[in-house]
J.: 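First, the structure itself, so that you have it in front of you.
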Amino acid sequence: MAQAMWIERKQDEQGAAHRLPLVVIAGQPNVGKSVLFHRLTGRYVTVSNYPGTTVEITRGIMHHNGRRFTVIDSPGLYSLSPITEEERVARRILLHEHPDLVLHVVDAKNLARMLPLTLQLIELGIPTILVLNMMDELERAGLQISVDMLRQQLAIPVAPTVCLTGRGIPELKELIDEQLTCRDSAMALSAGD
Amino acid sequence: MSSSPAETVRWRYPPAIEQAIVEIASLLRGSYALSERTLALLLLEGDPEIWEEVRLQEFTVTLDRIRALCEQLQATSETPIAWQIEQQRQRWSQQIASNVLSQSSDPSATLRTRILRPGALAEHIGRLCMNPWTGFPILVLVLYFGLYQFVGVFGAGTVVDWLENGLFGQYINPFVERLVRAIIPWSALQELLVGEYGVWTLGVTYAIALILPIVTFFFLVFAVLEDTGYLPRLAMLIDRAFKWLGLNGRAVIPIVLGFGCDTMATVVTRILETRRERILTTFLLTLAIPCSAQLGVVLALLARHPKGLLLWAGVLVGVFLLIGWLAAKVLPGSSAPFYMELPPMRLPSLSNVLLKTLARLHWYFMEVFPLFLLASVLIWIGQLTGLFDLAIRGMRPVVQALSLPSEAAVAFLFGFFRRDYGAAGLYRLNEQGLLTGNQLLVASVVLTLFVPCVAQFLVSIKERGLRAALVMFVLALSIALLTGLLLAHALAWLGVRV
């Protein structure tokens with residue numbers, strides 16, 4: 001009874017899909033979330049360049065190594081303290097839909113400005129992969145990121161990608177699968193907890 | 001491996017905050033989805049949702065104790081705790097970023113950026129688009145070449161002429177008509193298929209020969225603008241003008257989208273911060289923003305009357321500003337502050353542009369084609385039962401008050417279905433030489449301001465509620481007719497001929 005607010009997982013039209021592990025794509029506006037969603041699920045969504053088009057939530061299924069995962073493309077959010085309606089929707093998904101894995105997509109060029117949200121996600125204890133997108137633009141600006149060091153400092157998996165061209169996507173899919181499968185076996189071990 | 005809660009404590013906030021976190025966490029007894037430490041942190045940040053959740057689960061004594069701890073901590077410093085916590089996160093982020101970022105060791109990359117700096121020129125152009133002195137001239141150029149010349153003159157003029165009058169008018173339609181009249185003996189059924197408003201003559205011909213080429217050209221231009229990153233810069237440019245309307249630049253996004261499709265734009269008003277802004281924007285979309293299909297047909301109609309086209313745009317901008325300003329005065333509240341992230345300016349990628357155009361065309365055609373056919377069938381039934389004539393007769397006084405020929409009533413009737421459909425009805429009248437330049441202008445203005453299309457109306461109900469949607473419907477209809485009336489009389493009084 002006391003948990004009424006937290007358990008509002010809707011048994012909607014995709015009731016069956018809910019039992020699949022849930023991957024949520026989150027991040028600031030304009031970092032390539034929709035493109036990544038398209039890359040992972042292969043389902044077409046209108047890919048746009050201006051902030052705030054992902055107002056409606058798009059769901060899709062990702063297939064990998066014979067396993068299936070539900071993927072949700074959440075609206076852009078700057079921080080977990082929402083100002084706009086879209087941000088409230090994104091927060092609701094992160095806090096109430098119980099994602100098994102969050103892909104925090106960031107613009108690699110603006111890493112410093114995007115990391116606070118990553119830190120918030122880590123603080124929330126949600127399993128997170130940091131997706132460093134637009135690596136090509138970073139490289140074109142004559143910069144590079146030490147992915148290994150970033151992985152160590154944040155203690156979460158980090159995946160460099162260029163979603164527009166598909167660079168790094170196979171590795172990311174592998175990583176997602178690995179995270180969710182490991183988590184499942186870890187859950188099985190600690191069952192009854 | 002996935003992060004365990006233990007890892008999340010690796011970052012330490014300043015001692016006073018850390019101590020408050022630990023104390024608050026130790027007080028929490030309810031069962032939560034989040035860890036106690038996370039909850040404590042969110043409570044300190046004043047997160048309203050978490051406070052509500054905790055209020056439901058904890059005893060009043062505990063709540064008082066937590067509140068006291070927060071106040072105690074706040075009393076020790078002048079800046080809000082939430083701000084301090086956010087600052088700390090930003091410092092960590094800066095630190096991590098500077099640890100992992102470095103200049104590329106690949107000499108060719110550095111060389112490229114030093115000498116060519118491909119991003120620098122784009123950045124410069126981007127800034128020019130936002131500066132009022134250069135931005136508005138650029139906007140005029142974009143509108144003139146992108147919309148008027150490419151969509152209006154070339155797409156809606158040359159291509160439509162060739163398709164509608166040439167291909168369909170001379171070859172396909174006469175053939176289909178002969179075929180139908182030869183095969184089907186019943187005249188009522190002949191009327192349904194190839195009559196004046198028949199499924200083929202009106203539905204198929206309009207959808208394929210008139211609307212399809214026009215929206216194709218429009219969607220192409222729109223996709224290019226979208227892909228370059230021009231639209232958000234346009235939003236920044238217009239922000240100031242919008243403040244005056246009690247809106248901020250954020251509202252430019254749905255408004256600009258409205259030129260693509262008002263229905264889609266109405267859905268997008270969700271990105272606006274307050275209910276007030278959402279209502280204002282939805283209303284302006286309903287009233288003064290023509291959608292792509294309608295815009296295309298109006299451009300085609302008025303392309304041969306440049307003066308009329310300018311007046312049409314002038315009247316629309318005037319109505320938009322006036323009504324926006326009035327509505328902002330009537331609706332209480334002030335505009336929310338605006339911040340927006342600017343994506344980089346890029347050269348549009350051809351595949352992206354084509355993909356977007358195709359996807360939109362597909363969606364548009366799927367929606368529009370059945371409606372066009374349905375309209376033909378409805379009109380056919382209306383004609384058989386006499387309801388059609390009754391409706392036209394009912395609208396005749398209105399049309400005559402606007403100094404339009406009574407045949408224009410049909411176009412207005414069409415306008416209730418879809419915005420572009422009404423304009424297409426005018427197109428037909430114009431081809432038959434029934435309209436003077438002035439009448440064309442008045443009819444175009446009224447049809448542009450006219451009621452939303454069926455789809456937009458339904459979405460407005462869903463987004464804003466039935467009452468608000470109905471009020472907007474009636475207001476838009478009244479303003480449209482009133483503006484048309486004023487315009488017709490002003491033109492006559494001033495002796496203007498376009």
J.: Can you tell which part of B:E86 gets under 4.5 Å to a heavy atom of chain A, answering side chain, backbone, both or neither?
T.: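 Only the side chain of B:E86 comes within 4.5 Å of chain A.
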
J.: Using heavy-atom distances under 4.5 Å, tell me whether A:L138 contacts chain B through its side chain, its backbone, both, or neither.
T.: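 Contact with chain B involves the side chain of A:L138 alone.
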
J.: Heavy-atom cut-off 4.5 Å, strictly under: side chain, backbone, both or neither for B:L41 against chain A?
T.: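 The side chain, not the backbone.
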
J.: Are any of the side-chain nitrogens in A:E178 or A:R67 under 4.0 Å away from the carboxylate oxygens of its partner?
T.: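 Judged by the 4.0 Å cut-off on N to carboxylate O distance, A:E178 and A:R67 do not form a salt bridge.
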
J.: Just jot down the side-chain contact (heavy atoms from CB on, under 4.5 Å) partners of B:T62, sequence neighbours excluded, or say none.
T.: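 Checked B:T62 against side-chain contact (heavy atoms from CB on, under 4.5 Å); matches are B:L27, B:E58, B:F59, B:I66.
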
J.: Taking 4.0 angstrom as the limit, do B:D47 and A:R91 come out as a salt bridge?
T.: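 Counted as a salt bridge, because a side-chain N and a carboxylate O are separated by less than 4.0 Å.
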
J.: Apply ring-ring contact (aromatic ring centres under 6.0 Å, His included) to A:F69 and list each qualifying residue two or more places apart in sequence or on a separate chain.
T.: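 Counting only residues at least two positions away or on another chain, A:F69 forms no ring-ring contact (aromatic ring centres under 6.0 Å, His included).
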
J.: For chain B, which candidate among A:D148, A:L111, A:L119 shows the most heavy-atom pairs at distances under 4.5 Å?
T.: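 Option with the greatest count: A:L119.
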
